[in-house]
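All of these numbers come straight from a predicted model, not from anything done at the bench.
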Amino acid sequence: MTMEVLGTLVGAALQGQIVASAHTSLHCRAEMNVSMNATYSPVNVTILTPGSADYKLLARKVYMIAAGVIGSIYVICTAVLSLGVKERNDLFAKSSGKVLPFCSGFKKSMRHGPYIYLIASFLLISAAVQLLQSNFVLFCTHAAGDLRDHFQNLVLTILISAVLSIPFWQWFLQRFGKKTAAFGISWMIPFAILLVTLPNVIVGYTVAVSSGFSIAASLLLPWSMLPDVVDNFQQMNPSAAGLEAIFYSSFVFFTKLSAGISLGISTLSLQFAGYSSGACRQPYLVVLTLQILIGAAPGILIILGLIILIFYPITEDTRRETELALNNIRLQTRRSTLIVI
């Protein structure tokens, strides 16, 4: 997860620097400066007005360059993964189980109680984090005038804070338990509300650090809890084998689904509020919508997700019991294999 957040940091930094020349706030600032200079002396300046053909051409060019750079990095990393990682079967694992077809395995996994609680909880939490991330730049640009020139640095601050805090969360969940560590995600709620009420530079960077702190927990904890769910399922269903891929792929699907739903809600909400991508100033209803998408909506979703997580049945004691039982099974299988050899 550290490398994933670090990769996100590199991607955000590269794309932010490449597309900065096409950001609306720069052209809005240019228009204001030229209009002020025109009052006193004629100035020959070429302005790329947002929405014009030249502006769209520039924006398309820089975004295509950014897409090419990020896409090239993606292809390189995929090649490294495909060529460098080899899958190997566990020779000492219990091999008497029957491999279920995908549909049967999916139905069986979706009837497993701990898995349902984990998916439902982090579906809401992932949607909250995605709402905050996807609307943060728009909020800084249109709803918080003092932060308009700092949005790139604020995004980098969030990602750097997330990278640096992952080791802390790893220590915390080992020391105090995973369910306890999950409530650290709520750390961003009061700071997000503070940013909506007091949108200034100091509060903005404070919120960026705290948000990165919480985002790191939201990224690390589900992938730390999902193996416990798989182990619990294997203990309760020893005859079912080969369902790990279904558990992991289904979890990724529901996580991406929540991100897509949150993006759709954000887009529709801003569209109904009258948002215009080429406008330097947005209507008050758009500003109010951005404030809700940054403050109230993520807070409600996180609280609902944490309430569901309270009923998550796997504790540290049950996790240790499951681990001990599976280790005993592996030990017995290893001994029987050695006897046969």
Do [X] and [Y] sit in the same hydrophobic cluster, where Ile, Leu, Val, Met, Phe, Trp and Tyr count as joined when their side-chain heavy atoms come under 4.5 Å apart?
X      : Y      : result
Tyr312 : Leu306 : yes
Leu138 : Leu285 : no
Ile303 : Ile308 : yes

Validation: residues 263-273 side-chain donor-acceptor distances under 3.5 Å, sequence neighbours left out:
| unit_1 | atom_1 | unit_2 | atom_2 | d |
| --- | --- | --- | --- | --- |
| Ser266 | OG | Asn135 | ND2 | 3.1 |
| Ser266 | OG | Ser262 | O | 2.9 |
| Thr267 | OG1 | Leu263 | O | 2.9 |
| Ser269 | OG | Ile265 | O | 2.7 |

(message) The test is side-chain contact (heavy atoms from CB on, under 4.5 Å); show your working for Ile73 and Leu14 and say whether it passes.
(response) CA-CA 11 Å; Ile73 296 175; Leu14 288 175; 3.7 Å; yes
(message) Distance alone, cut at 3.5 Å: any donor-acceptor contact between the side chains of Gln234 and Glu244?
(response) yes
(message) What I want to check is whether the side chains of His112 and Asn232 have a donor and an acceptor closer together than 3.5 Å.
(response) yes
Got a donor-acceptor contact below 3.5 angstrom from the [X] side chain to the [Y] backbone?
X      : Y      : value
Ser161 : Ile158 : no
Ser214 : Ser211 : no
Ser249 : Ile246 : yes

(request) Check ring pair (Phe, Tyr, Trp, His ring centres under 6.0 Å) between Phe172 and all other residues, then give those that pass, not counting sequence neighbours. (result)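 Scan of Phe172 (ring pair (Phe, Tyr, Trp, His ring centres under 6.0 Å), adjacent residues dropped) gives Phe168, Trp169, Phe176.
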(request) List for me each residue that meets ring pair (Phe, Tyr, Trp, His ring centres under 6.0 Å) alongside Phe247, sequence neighbours excluded, and say none if there are none. (result) Tyr115, Phe233
(request) Please list all pairs passing the salt bridge (Lys or Arg N to Asp or Glu O under 4.0 Å) test where one or both residues lie in residues 210-237, with sequence neighbours left out. (result) Lys178-Asp228
(message) Applying salt bridge (Lys or Arg N to Asp or Glu O under 4.0 Å) as the test, list every pair that has at least one member in residues 102-112; sequence neighbours left out.
(response) none
(request) Could you tell me which non-hydrogen atom of Pro222 sits nearest to which non-hydrogen atom of Phe251, and how far apart they are? (result)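 The pair with the smallest heavy-atom distance is CB-CZ, 3.4 Å.
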(request) For Tyr275 and Val286, work out which heavy atoms get closest and say how close. (result) N-CG2, 3.5 Å
(request) Go through the structure and list residues passing side chain to side chain donor-acceptor pair (under 3.5 Å) with Asn327, not counting sequence neighbours. (result) none
(request) Enter the distance from Leu219:CG to Thr255:OG1 here, rounded to the nearest 0.5 Å. (result) 10.0 Å
(request) Please determine which of Ile125, Leu123, Leu124, Ile119 meets the side chain to side chain contact (heavy atoms under 4.5 Å, CB included) test together with Ser121. (result)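 So, applying the side chain to side chain contact (heavy atoms under 4.5 Å, CB included) to Ser121 and each of Ile125, Leu123, Leu124, Ile119, only Ile125 qualifies.
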